[in-house]
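Inspection log for the structure reproduced underneath, given as C-alpha cells.
Reminder, nothing fancy here: chain letters follow the sequence lines and each chain counts from 1.
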Amino acid sequence: MKKNCYDILNERGFVRQCTAEAEVRELFAKETVTAYIGFDPTARSLHAGSLVPIMGLMHLQREGHRPIALVGGGTGLIGDPSGRTEQRQLLTRETLRENFNGVRSQLGRFLGFDEGRAVAVDNSEWLEPLNYVDFLRDIGRHFSVNRMLSFESYRQRMEKGLSFLEFNYQLCQAYDFLVLYQRTGCRLQMGGDDQWGNIVAGVDLVRRVEGAEVFGLTFPLLTTATGAKMGKTASGAVWLDGDLLSPYDYYQYWVNVDDRDVARFLRMFTFLPLAQIDELSALEGAELRHAKDILAFEATRICHGDEAAQTARDGAKAAFGGDGDLNNMPTTSVSRVRLAAGIRAAELFVETGLCRSNGEAVKAFRSGAGWIGDRQLKDHTDLVTLSDLAGGEFLLRMGKKRRHRIIVDID
RNA sequence: GGCGGGAUACCCGAGAGGCCAAAGGGAGCAGACUGUAAAUCUGCCGGGCGACGCCCUACGGAGGUUCGAAUCCUUCUCCCGCCA
C-alpha cells in the first residue's frame, strides 16, 4: 500500500504545525491534492533557506499530487512583516518583475512546470486589479483586528511599529488562498513556521467565504546545529543559481555542514530511503564524512542536475582527496609572461575569488591562511613566480577549506 | 496633548567633548589540534589602498555650537514608560 504523503513529510522532519493532522492525512489518501506555497521574489535567485519548502513541494509531486508555487509578485509590493523587526525595503515593480522571472524559472528546475505537473502563479494577477472598497467589504469584514494583533508575528512589530501597509499583508495572503481554492481547488497551504498566522488566516477566510474546509501546514524553521540560519556563509547566501554560486561551491557548502546536522539534512534535502539514511547517520567520527559526501552529492544533484553534481564531487576529490580530475576543480589560467615577471600573491588571490579584496588577503596572510603549494605566504607583496610551478600548475589554498588551481598559458 | 527615558557596527550591549572605527559578549573568518566536523585555546573582526601609514564611510534623520562631537544644543522620525 502506498504511503501517505503526510507521513512522508512528517517522518522526514517537514511538519512543524498542522491545522488538522488527521484530515490532511485523509485528504492525501483519497484524492490528488492541490497544495501551494508562497515564495517571495525578494531576489533574483532563491537560496538554501528556501530549500525546505521546495523539497516539500517536490515530495508532494512525487506522490502524485499537484504543487502550486506562488511567487508573490503582488504581496512583494507590500512586504511581509512576519518575523521582521524592521519594515522591509519596498521593491519596485521592475525589480519584482525580474526577480519573479528568475525565481520562477529556478523553481521550474525543481518542479518542472512544462509538464503541467506543477504550476507557477503570480498573485499580482489578482491582487493588482482589486478595488479597495470592494475588497474591504468582501474580504476585510472577515478579519478581526483584535485577533490579528494577538498573533505572534505581529506582536514583535508592535514594539517597533507596524505600518498599515504591512498590516494588510495577512489579508492579501489569505485572499491568495481563497483565490487558489476557487480557481484550482487548492486545499492546502504550506510554508515556513513564521507563516503560521498568515496561513491560518487563509484557512479561516476560505471557511467564512466558501464554507469549505482547507488546511495549513508549516515547516520548521531550520537553523544549523550552531544556531545560524540555513543558507548563509561568510561569502554570502547559498544561492541556488549556478551563476551566483557554482555547483562546486554549493557542493562544498554541504560537505562542510556540522556533524550534528547530517542526519536531519539527509532526511530533508535528499530523497534517499530512510533506511539508508539511518545507516549513513550511524557512521561515526571521520567515517561520517562519507555521509556528508552523499549529502552533498544528492543535494547538488537535486539543484544542479546529475552531471554538475558528478563534476562538483570529482572536483572536490581532486582538490582535497587526490584521486579526482583536477580539471573539475575551480581553475584559473595566467599567462607565462605575467608569471615570469612575478605576480603579487594578494592580486592572485583576489583574481581567483579566494579573497574579496587586497585587504582581506593581507589579513589572511598575516594569520597564515594563504598558501601556494606548500609555501606559506607571509605578506601580500610576496611574489608568485615561475618557480612555484609544479608540472605547469600550482594550487592556491585559502585556509583549510578553499582551494583554487592555477594553470599556465603557454603563449 | 504633557512629562520622562531611549535609538550605537551583522545581533546584543558599554561609552556621556579629544586617548573612539567605538569596551564586552555572541555570530563570522583564520591559526593550532582534528576529519574540509565539533569542543578548546589563540589571532582577526566597518571598508579601500603596493599599507606599521594614508583615504573613505559610520553611533536614528537634518541642522548648529566647538580648534575638535557618538557624546553639548535645536529640530524631525520612531520606540518605551508615566500622566491626561
Side-chain angles (χ1 to χ4, degrees), chain A residues 49 81 83-87 89 154-166 223-238 248-266 280-297 299-300 312-324 329-330 341-351 353-371 376-384 395-404:
Chain A
R84 288 291 186 125
T85 52
E86 302 286 325
Q87 162 138 197
Q89 202 185 351
Y154 284 114
R155 205 180 305 160
Q156 283 185 40
R157 289 298 297 275
M158 294 310 288
E159 293 183 11
K160 288 273 181 179
L162 178 70
S163 71
F164 187 66
L165 172 77
E166 295 173 281
T223 52
T224 65
T226 47
K229 267 191 189 169
M230 271 294 294
K232 290 280 162 78
T233 68
S235 41
V238 182
Y248 173 87
D249 287 323
Y250 188 77
Y251 181 94
Q252 284 299 316
Y253 171 76
W254 294 102
V255 165
N256 282 304
V257 300
D258 192 300
D259 280 10
R260 291 166 293 181
D261 289 325
V262 173
R264 196 163 47 122
F265 286 3
L266 278 168
L280 287 170
S281 311
L283 295 173
E284 280 179 26
E287 288 288 293
L288 198 57
R289 291 200 31 72
H290 175 58
K292 290 185 189 179
D293 173 59
I294 293 186
L295 168 66
F297 178 74
T300 307
R313 172 189 257 171
D314 200 54
K317 279 196 178 138
F320 295 95
D323 66 335
M329 68 176 289
I343 306 173
R344 282 188 314 125
E347 196 179 317
L348 203 55
F349 272 68
V350 172
E351 216 171 290
L354 251 22
C355 291
R356 263 177 292 191
S357 71
N358 209 337
E360 196 176 288
V362 173
K363 281 172 190 161
F365 293 173
R366 225 171 251 164
S367 65
W371 297 78
Q376 187 169 32
L377 297 159
K378 298 310 289 177
D379 193 83
H380 63 114
T381 52
D382 284 0
L383 290 181
V384 186
L395 203 62
L396 300 185
R397 279 189 288 153
M398 172 63 200
K400 274 182 305 191
K401 296 174 186 172
R402 277 177 290 160
R403 304 187 171 188
H404 198 102

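Here Arg313(A) contributes atom CZ and Phe297(A) contributes atom CZ; the two are 5.0 Å apart, rounded to the nearest 0.5 Å.
Both distances falling under 3.5 Å, in either a Watson-Crick or a G-U wobble arrangement, place G1(B) opposite C83(B). A62(B) is paired with U74(B) under the Watson-Crick or G-U wobble criterion, all donor-acceptor distances under 3.5 Å. Across all strands shown, A16(B) forms no Watson-Crick or G-U wobble pair with both key distances under 3.5 Å. Applying the Watson-Crick and G-U wobble criteria (two distances, each under 3.5 Å), C54(B) pairs with G48(B). Pair check for A30(B) finds U42(B); Watson-Crick or G-U wobble, both atom distances under 3.5 Å.
Atom P of C52(B) sits at a distance of 43 Å from the matching atom of G6(B), rounded to the whole Å. Going from the C1' atom of C67(B) to that of C29(B) covers 41 Å, rounded to whole Å. Taking atom P on both G5(B) and C56(B), the two are 37 Å apart, rounded to the nearest angstrom. Look at the C1' atom in both U71(B) and C19(B): the space between them is 15 Å, to the nearest Å. Taking the C1' atoms as reference points, C20(B) lies 9 Å from A70(B), given to the whole Å. Taking atom C1' in both A22(B) and A69(B), the straight-line distance is 13 Å, to the nearest Å. One C1' atom belongs to G48(B), the other to U36(B), and the distance between them is 31 Å to the nearest Å. For the P atom pair drawn from A23(B) and G18(B), the interatomic distance equals 15 Å after rounding to whole Å.
No engagement by Arg366(A) is indicated, since no non-hydrogen atom pair under 4.0 Å with the nucleic acid exists. At the heavy-atom level, Ala364(A) lies nowhere under 4.0 Å from the strands shown. Here Val362(A) lies in heavy-atom contact (under 4.0 Å) with a base. Nucleic acid contact for Ala316(A): base, since at least one base atom lies under 4.0 Å from a heavy atom of the residue.
Donor-acceptor pairing under 3.5 Å, judged by distance alone, is present between the side chain of Lys400(A) and the base of U34(B).
Nearest to the side chain of Arg289(A), among U36(B), A37(B), A51(B), sits U36(B). For Asn256(A), taking side-chain heavy atoms from C-beta onward, the closest of the listed nucleotides U36(B), A38(B), G35(B) is U36(B). Comparing C45(B), G35(B), U36(B) by their closest approach to the side chain of Gln252(A) singles out U36(B). Closest contact between the side chain of Arg260(A) and the listed nucleotides A38(B), G31(B), U36(B) involves A38(B). Of the listed nucleotides (A30(B), G35(B), G47(B)), G47(B) has the atom at the smallest distance from the side chain of Lys363(A). With distances taken from any side-chain atom of Val255(A) to the nucleotides U36(B), A30(B), C49(B), the minimum falls on U36(B). Comparing A30(B), G35(B), U36(B) by their closest approach to the side chain of Leu288(A) singles out G35(B).
Between Lys317(A) and Asp314(A) there is no salt bridge, since no side-chain nitrogen of the basic residue lies less than 4.0 Å from a carboxylate oxygen of the acidic one.
Between the side chains of Asp293(A) and Tyr251(A), at least one donor N or O sits under 3.5 Å from an acceptor N or O.
A straight line from CG of Asp259(A) to P of A39(B) spans 11 Å, rounded to a whole angstrom. Remark: C1' of U34(B) and CZ of Phe320(A) are 15 Å apart, rounded to the nearest angstrom. In this structure, His380(A) places its NE2 atom 13 Å from P of G48(B), rounding to the nearest Å. The separation between Asp261(A) atom CG and A37(B) atom P is 14 Å, rounded to whole Å. In this structure, CG of Leu283(A) is placed 13 Å from C1' of A37(B), rounded to the nearest angstrom. Counting to the nearest Å, the P atom of A39(B) and the CG atom of Asp258(A) are 7 Å from each other. Atom pair Glu360(A):CD and G48(B):P shows a separation of 7 Å (rounding to whole Å applied). Rounded to an integer number of Å, the gap from Leu377(A) CG to G31(B) C1' is 15 Å.
Between Lys401(A) and A37(B) there is a side-chain polar atom (N or O) within less than 4.0 angstrom of OP1 or OP2. Look at Ser357(A) and you'll find a side-chain N or O under 4.0 angstrom from OP1 or OP2 of G48(B).
The one candidate from Glu360(A), Arg397(A), Arg402(A) that meets the side chain to side chain contact (heavy atoms under 4.5 Å, CB included) condition with Leu354(A) is Arg402(A).
In this structure, Gln376(A) places its CD atom where more than 12 heavy-atom neighbours from other residues, nucleotides or ligands lie under 6.0 Å away.
In terms of position on RNA chain B, the residue among Arg344(A) and Glu287(A) whose nearest nucleotide sits closer to the 5' end is Glu287(A). In terms of position on RNA chain B, the residue among Lys317(A) and Gly359(A) whose nearest nucleotide sits closer to the 5' end is Lys317(A).
Considering every non-hydrogen atom in both Trp371(A) and Phe349(A), the closest pair reads O-CZ, 3.7 Å. Between Ala296(A) and Val255(A), the shortest heavy-atom contact is CB-CG2, 3.6 Å. A pairwise comparison of heavy atoms in Val257(A) and Leu295(A) identifies CG2-CD2, 3.9 Å as the closest pair.
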